[in-house]
Amino acid sequence: MTAIVTSKFRTTNGGNFKRDISDVNNSVYIFIAKSDAWSDSINVLADGEPPIPLDTLRDEKEVHQNIMAAKIITAADVTHVIPRYNWVLGHPHSAWDDRDPDIFTKQFYVLTDESKVFKCLKAGPSNSIIKPTLAQVVPFELGDGYTWKYMYTLAANDATKYLTNFYIPIKTVISANGDGSDLSESEFAQWTNQNLSISGLNGKIYDIKITEGGTGYNPAPTITIVGNGTGATATCTVSNGSIDTITITNSGSGYTMATCTFSGGGGSGAAGYPVTSPGLGHGTDPISELGGYFIAVHARLEYEDGGGDFIVDNSFRQVGLIRNPLNSNGDAVTTASTINCLDTLVLASGTDWVVGDVIVGASSGAKAYVDYVDISKILLKIHQNDKTGYGTFLPNETIEGIIGGSGVSALADVYTPAEYTRGSGEIIFLENRTPINRVDSQIEDVKIIIEF
């Protein structure tokens with residue numbers, strides 16, 4: 001028995017994931033984690049290669065130990081994206097083909113330098129040398145033989161948040177009011193294009209793929225298009241007795257299924273098929289039409305975001321998503337906009353603690369990484385993981401830095417746990433990275449891309 005996971009299933013799952021993140025009943029956070037180096041020992045400070053994350057419960061528990069801070073994600077922080085293919089002078093492009101099982105891995109659409117996205121309905125005989133520019137409903141053919149359909153223009157805010165060197169934000173605009181009055185100017189323009197495409201382009205044929213050119217044709221044979229629509233016609237030219245090009249003379253309407261035959265002309269063996277449009281027509285549902293089964297999540301980390309929850313002067317090596325973590329009391333899902341996920345230790349006196357140092361308790365033997373030192377040098381934010389072990393610091397014991405610092409006495413009972421219950425919530429995405437250093441004058445635009 002054979003089976004496949006269809007592109008529509010993947011796109012649907014991506015949409016479900018997007019809605020799940022946006023659901024007001026969920027608290028989904030983007031987090032940064034792991035200030036210590038990719039190494040197997042506290043004595044090795046140089047980073048090795050980031051390991052491939054493993055989908056095991058044990059590894060998930062370790063991630064919880066490494067989380068430094070988290071920021072809540074809203075509906076405005078999530079969107080569908082597609083791979084980015086820029087229009088480049090002299091570059092060839094594939095054309096939309098409803099029979100091609102690999103179509104969503106091919107460059108059948110482009111992003112221009114005017115932030116417009118076009119779908120190629122028919123490829124020219126050679127490379128694309130004329131940039132598509134017309135933001136109109138009706139597909140148009142250019143002088144290089146390429147036929148393009150305008151899809152949408154990137155909204156400035158979407159481009160700022162989600163556009164990368166590798167991905168383009170994409171959406172199918174829906175008006176909750178049904179008349180577009182609830183939409184922004186850019187959304188209304190796309191919504192109008194979608195609706196006019198439904199009414200004007202449904203079931204039209206813009207290309208016939210030649211699978212066999214045949215032999216002995218002179219003159220050109222007659223092409224007959226047969227299907228469940230009406231009105232589509234085409235002609236062809238021959239070269240050395242073989243079909244060379246096919247020109248659509250009437251795109252017809254209403255076709256969801258179509259075939260074609262070649263007759264006359266004194267030859268034989270010619271074969272091809274009409275390419276039908278997706279759904280209700282080209283341009284009606286960009287997400288489905290262009291294979292939007294990637295989801296982007298964006299967060300902007302500004303300086304010491306959350307009043308210092310996101311610490312600076314340190315690095316992070318993991319980025320991920322966590323759903324429904326509990327508050328520090330463990331009695332409810334937290335809804336805070338940001339969360340400090342490090343434990344805090346207050347000491348009796350300050351010294352020259354070093355961020356990245358490992359401290360050890362003289363009596364308990366407990367060890368922890370120093371993630372942050374405040375200006376007074378008596379407040380330390382710390383974390384423990386497999387390399388340090390999971391001991392508990394004792395009140396009033398001497399704390400010493402293994403790498404730097406000197407012995408001091410910890411104040412009794414001045415130990416504050418993280419602002420969430422460590423280990424609670426579901427880690428639903430994790431990416432291991434090379435170190436990214438945060439400084440007090442820096443803003444990070446963190447983008448997570450998930451493929452379904």
Side-chain angles (χ1 to χ4, degrees), residues 87 92-100 103-104 106-110 116-126 128 130-152 172 190-213 220-238 243-265 270-286 288-291:
W87 184 87
H93 290 283
S94 301
W96 163 255
D97 186 346
D98 64 322
R99 301 194 188 195
D100 186 347
I103 188 61
F104 292 123
K106 298 180 178 179
Q107 299 186 26
F108 71 100
Y109 58 86
V110 296
K116 297 174 183 176
V117 177
F118 293 89
K119 183 201 293 189
C120 179
L121 303 188
K122 182 179 181 180
S126 186
S128 176
I130 304 175
K131 180 179 70 175
T133 60
L134 298 177
Q136 64 183 40
V137 174
V138 179
F140 54 92
E141 182 177 358
L142 298 178
D144 55 7
Y146 279 79
T147 297
W148 299 97
K149 170 64 177 87
Y150 169 72
M151 299 295 289
Y152 63 98
T172 297
Q190 182 179 332
W191 178 76
T192 301
N193 181 64
Q194 291 171 190
N195 288 338
L196 292 176
S197 296
I198 292 174
S199 61
L201 305 182
N202 196 352
K204 290 184 176 295
I205 293 174
Y206 293 96
D207 192 16
I208 293 178
K209 298 285 186 181
I210 302 171
T211 56
E212 295 290 342
T222 298
I223 302 175
T224 302
I225 300 173
V226 179
N228 58 356
T230 59
T233 58
T235 60
C236 65
T237 61
V238 296
I243 293 178
D244 183 44
T245 61
I246 295 178
T247 300
I248 301 295
T249 53
N250 190 326
S251 56
S253 64
Y255 290 96
T256 60
M257 302 293 293
T259 60
C260 65
T261 59
F262 300 83
S263 59
Y273 58 87
V275 177
T276 58
S277 61
L280 297 176
H282 295 290
T284 62
D285 184 0
S288 177
E289 293 177 46
L290 301 185

CD (Gln136) with more than 12 external heavy atoms under 6.0 Å: yes

Tyr150 vs Pro132 side-chain heavy atoms within contact, under 4.5 Å: no

Pairing residues for Lys119 by the salt bridge (Lys or Arg N to Asp or Glu O under 4.0 Å) criterion, not counting sequence neighbours: Glu289

Pair Tyr273, Asp207: side-chain N/O donor-acceptor within cut-off below 3.5 Å: no

pair Asp285-Leu280: side-chain heavy atoms closer than 4.5 Å: no

Side-chain touch Ile205/Val275, heavy atoms, less than 4.5 angstrom: no

Nearest non-hydrogen partners of Pro286 and Thr284, listed with the distance: CD-C, 3.8 Å

Mutual orientation of the aromatic rings belonging to Phe108 and Trp96 [parallel < 30°, tilted 30-60°, perpendicular > 60°]: tilted

Check against side chain to side chain contact (heavy atoms under 4.5 Å, CB included), Glu141 and Trp148: CA-CA 6 Å; Glu141 182 177 358; Trp148 299 97; over 6 Å; no

Side chain Asn193, main chain Met151, donor-acceptor under 3.5 Å: yes

Test item: Ile243 and Ile210 side chains (from C-beta on) under 4.5 Å apart, heavy atoms: yes

Set of salt bridge (Lys or Arg N to Asp or Glu O under 4.0 Å) partners for Lys122, sequence neighbours left out: none

Check: Tyr109 and Phe118 side chains under 4.5 Å, non-hydrogen atoms: no

Thr147 and Leu142: CA distance, side-chain angles, deciding distance, side chain to side chain contact (heavy atoms under 4.5 Å, CB included) verdict: CA-CA 6 Å; Thr147 297; Leu142 298 178; over 6 Å; no

Side chains of Trp191 and Leu196 in contact at under 4.5 Å (non-hydrogen atoms): no

Check: Lys116 side chain, Thr133 main-chain N or O, donor-acceptor pair, under 3.5 Å: yes

Side chain to side chain donor-acceptor pair (under 3.5 Å) partners of residues 250-260, not counting sequence neighbours, each pair once: Asn228-Thr256

Min side-chain heavy-atom separation Ser128-Val110 under 4.5 Å: no

Any side-chain donor near an acceptor of the partner, Thr237 and Thr245, under 3.5 Å: yes

Non-hydrogen side-chain atoms of Ser263 and Pro221 separated by less than 4.5 Å: no

Under 3.5 Å side-chain donor-acceptor pair for Thr233 and Thr249: yes

Check: Lys149 side chain, Val137 main-chain N or O, donor-acceptor pair, under 3.5 Å: yes

